[in-house]
Number of protein chains: 2
Amino acid sequence: MTDPAGPRATPTPPTSAAVARRAGVSRATVSYVLNGQAAGRVGERAQARVRAAAEELGYVPHAAARSLRAGRGSIVLLAAPADTVPVLGPLFTRFLAGFQTALHALGYTGVLHGAPTASPLAAARAWAELRPAAVLTLHGPPLDAPAVALLRRAGTAAVLTHGPVAPPGAHTLLLDQREAGLRAGAHLLAGGRRRIGVVLPAEPGLAACAGPRLAGVRAAAAAHPDAEVRPLDLALTEESAARLAAAWPGLGLDAVFAYNDEYAMLLMRALQDAGHTLGVRAPGDVAVVGADDLLLGRLLRPRLTSVRAEITPPERIAGLVDELVRGPGTPPAVHRLGTFRVEARDSG
Amino acid sequence: MTDPAGPRATPTPPTSAAVARRAGVSRATVSYVLNGQAAGRVGERAQARVRAAAEELGYVPHAAARSLRAGRGSIVLLAAPADTVPVLGPLFTRFLAGFQTALHALGYTGVLHGAPTASPLAAARAWAELRPAAVLTLHGPPLDAPAVALLRRAGTAAVLTHGPVAPPGAHTLLLDQREAGLRAGAHLLAGGRRRIGVVLPAEPGLAACAGPRLAGVRAAAAAHPDAEVRPLDLALTEESAARLAAAWPGLGLDAVFAYNDEYAMLLMRALQDAGHTLGVRAPGDVAVVGADDLLLGRLLRPRLTSVRAEITPPERIAGLVDELVRGPGTPPAVHRLGTFRVEARDSG
DNA sequence: TTGAAAGCGATACCAA
DNA sequence: TTGGTATCGCTTTCAA
């Protein structure tokens, strides 16, 4: 009579005590053997018996109990507000993949926690419950001072947050979005453009990147007395793009930094579609620069000029985290997460 | 003399005992108050003192201790092999975002764990250490029987795995990739196409989807005695696409299901670029169908016909997980994660 | 070479 | 209405 539910969840999962009983040794011995501390302490025969018993029972150590006893957990929390994860794109997910693998190699469990969070403090509280060894934020609203203080009080050895400046006690992971705008602006200005539009996405959650990018373009323009920068609202829909395209002649712009390759393509396409009636040619009359260097930018015609982030290898960041966790006294510093450069192609 | 490291990690984070001392009550009382079990047990004044003390100390309960005591954790593990996360695209990340929010509302902590996956069993072991309330796999190699058995023995109340068929003890989350191929094939056949190429991505990690999709197209073609299906290898590079395009006249195909909008776009572009010399017009001579309904498919000209997954609302899946966790006896069943339909546009 | 036992933090039973 | 206390699973010190 087989159980229709298959192998059922045991009322009590096997513990190290169960392994000890089965192997005929004490729980201490089991612990030594299974953690590689058995050299010179436990006999060969006993070791073999313990390993066999663990195998047969399907024993898996209880991470919670272990970290409770050890006083420190091995979870590294990658925090990203749930509602912004989708828009981060392949750049973020690729980093994430490499980072988790690297952390695993160092003995940590990297975990992505999408915070459904009103305030940074509420998010920090939720994270602190897990007593993570480290917390990193890469996107969304950066941690503020109270949030950092809470995490540190909860024993988080390393707190790293993105953004231009970190609150006291937190390290900074710098992927300066201003730089993206700066590079795009400088590129366009070097190409002789002077009246630059900057797309501000209407989508929520992108404002955190969009603001600094705009500021970067402004900074680049400051060097040219005759340059002008104008923000443009755009949602990721064809209707919104058509509206913006229709208004284009009145704006008198000769270039646009479109926040992102997708927005860039959307806008460029709308300008092309409406171009005949408006007398605007893209990219002839208006240079278009995107960002993130997505595949689509290379496939569409004209090929899209794009600002690309060159991210620090995930292994390096993982190594940094490990260092900080092991030396919790390390004074906060700024760590570059990457830099930006322009991949010049046909659109501008 | 302020500490340059800012608020330092306390040697010992505040515990419920600390709160109890500060409030002048016992640990039990603290527990009652902070868990809403205080009604009719603890006096108003004591409650207020406890809450104040917790606030002042920045007390955050220790999830490990709690789940150790409770016997079950509140973590819901979303397992996705790290190396395939990047290729899942916005569809997956959007689902993830909604799912984590929904889980949070139900009192769970949804967490994405990119498995450094040698074998399903090794991955399962890593997950089991966290004693999650539930484990879901949505992509990559599905769990096999030993992996499921391990998780269940470790007390995981609900194990849900994707793929056509689940091992004993696991529920099935069905997003049948065969259906994608079936719909694409049926659409092309209905349009009069008979010699259908099916792109098999060279990128690792996609084979799990690609195989069933090909099988689906074959199934659709089985209804037409004169239909023919031919697999095509393609990597996500312009070189690979150019090679395939150059070989195109010899293949004699009048349609292609390109796995994905990106591959579709890449191939269509290559065919257009090489079309003049080859005498092949896309989409005239060859209909192109993509999948995932990415934005770029709508921006491209001609607009790309695409097979789109309509995913079950994440709240529903979260509710299902909650149900299964609370009724661990529930016999395994198949739960649809979504269905596919064709979004017909200009390319086929 | 092995075992007994303390204790990590939170909870819930039972007694007061 | 409250407090003492056993307990969850594991590690580690100390004693045998």
Side-chain angles (χ1 to χ4, degrees), chain A residues 10-50 53-54 57-74 107 128-131 133 153-155, chain B residues 10-50 53-54 57-74 128-133 153-155:
Chain A
T10 319
T12 57
T15 70
S16 75
V19 175
R21 261 196 312 278
R22 196 173 224 278
V25 299
S26 76
R27 314 210 313 284
T29 304
V30 171
S31 180
Y32 288 136
V33 172
L34 265 34
N35 291 300
Q37 314 286 344
R41 310 190 64 130
V42 182
E44 285 298 332
R45 282 185 50 75
Q47 287 196 39
R49 282 210 314 281
V50 167
L57 292 175
Y59 170 72
V60 176
H62 194 306
R66 171 180 289 167
S67 62
L68 183 58
R69 170 66 222 224
R72 57 189 198 84
S74 62
E129 290 197 7
L130 298 175
R131 295 293 191 274
R153 263 203 310 271
Chain B
T10 319
T12 58
T15 69
S16 75
V19 175
R21 262 196 312 278
R22 196 173 224 278
V25 299
S26 77
R27 314 211 314 284
T29 305
V30 170
S31 181
Y32 288 135
V33 172
L34 266 34
N35 291 299
Q37 315 285 344
R41 306 190 67 131
V42 182
E44 285 297 333
R45 283 186 49 77
Q47 287 195 40
R49 282 212 312 282
V50 167
L57 293 174
Y59 170 72
V60 176
H62 194 307
R66 173 181 287 166
S67 64
L68 180 59
R69 171 64 225 225
R72 57 187 198 86
S74 62
E129 290 197 5
L130 298 175
R131 294 294 191 274
R153 263 203 310 270

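First the proteins, then the strands, lettered A, B, ... as listed; each starts at 1. The figures that follow rest on heavy atoms only: side chains count, while hydrogens, waters and symmetry mates do not.
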Using a cut-off of 4.0 Å on non-hydrogen atoms, how would the nucleic acid contact of Arg66(A) be classed: base, sugar-phosphate, or nothing?
sugar-phosphate
What is the distance from NE2 of His62(A) to P of dG9(C), rounded to the nearest Å?
16 Å
Using only atom types and a distance under 3.5 Å, with no angle test, would you say the side chain of Gln37(B) pairs donor to acceptor with the backbone of Ser31(B)?
no
So if I take every side-chain heavy atom of Ala28(A) and compare against dT12(D), dC10(D), dC13(C), which nucleotide ends up nearest?
dT12(D)
Determine, stepwise, if the pair His62(A) / Thr15(A) fulfils side-chain contact (heavy atoms from CB on, under 4.5 Å).
CA-CA 8 Å; His62(A) 194 306; Thr15(A) 70; over 6 Å; no
Identify whether any heavy atom of Ser31(A) sits under 4.0 Å from a base atom; if not, whether one sits that close to sugar-phosphate; answer base, sugar-phosphate or nothing.
base
Counting the atoms with a prime plus P, OP1 and OP2 as sugar-phosphate, which does Gly71(B) contact under 4.0 Å by heavy atoms, base, sugar-phosphate, or nothing?
nothing
How many whole angstroms separate atom CZ of Arg27(A) from atom P of dT12(D)?
14 Å
Between dG9(C) atom C1' and Arg21(B) atom CZ, what is the distance in whole Å?
13 Å
Tell me the interatomic distance from Leu34(A), atom CG, to dG9(D), atom P, rounded to whole angstroms.
16 Å
When you get a sec, tell me which of dG9(D), dG3(C), dG3(D) is the closest nucleotide to the side chain of Ser26(B)?
dG3(D)
For the OG atom of Ser74(A) and the CG atom of Leu130(B), what is their distance to the nearest 0.5 Å?
7.5 Å
Is there a donor-acceptor contact under 3.5 Å from the side chain of Arg131(B) to the main chain of Ala63(A)?
no
When rounded to whole Å, the CD to C1' distance for the pair Gln47(B) and dT1(D) reads 11 Å
How long is the line joining CZ of Arg131(B) and P of dG9(D), in whole Å?
9 Å
Phosphate OP1/OP2 of dC10(D) contacted by Ser16(A) side-chain N/O (<4.0 Å):
yes
I want to check one thing: is the phosphate of dT11(C), taken as OP1 and OP2, less than 4.0 Å away from some side-chain N or O of Asn35(B)?
yes
Per nearest nucleotide of DNA chain C, the residue lying toward the 5' end, Leu68(A) or Arg41(A), is Arg41(A)
Pick the nucleotide of DNA chain D nearest each of Ala63(A) and Glu44(B); which residue has the one closer to the 5' end?
Glu44(B)
Let's test your reading of the model: under 3.5 Å, does the base of dC13(C) pair with the side chain of Tyr32(B) as donor and acceptor?
yes
Measure from CZ on Arg49(B) to P on dT1(D) and round the result to the nearest Å.
15 Å
Nearest whole Å is fine: how far is dT11(C) P from Gln37(B) CD?
10 Å
Along DNA chain D (nearest heavy atom to each residue), the more 5'-positioned of Thr29(A) and Ala65(A)
Ala65(A)
Indicate yes or no for a side-chain donor-acceptor contact from Arg49(B) to the backbone of Ala23(B) under 3.5 Å, with no hydrogens or angles considered.
yes
Sugar-phosphate only, base, or nothing, as touched by Val30(B) at under 4.0 Å among non-hydrogen atoms:
nothing
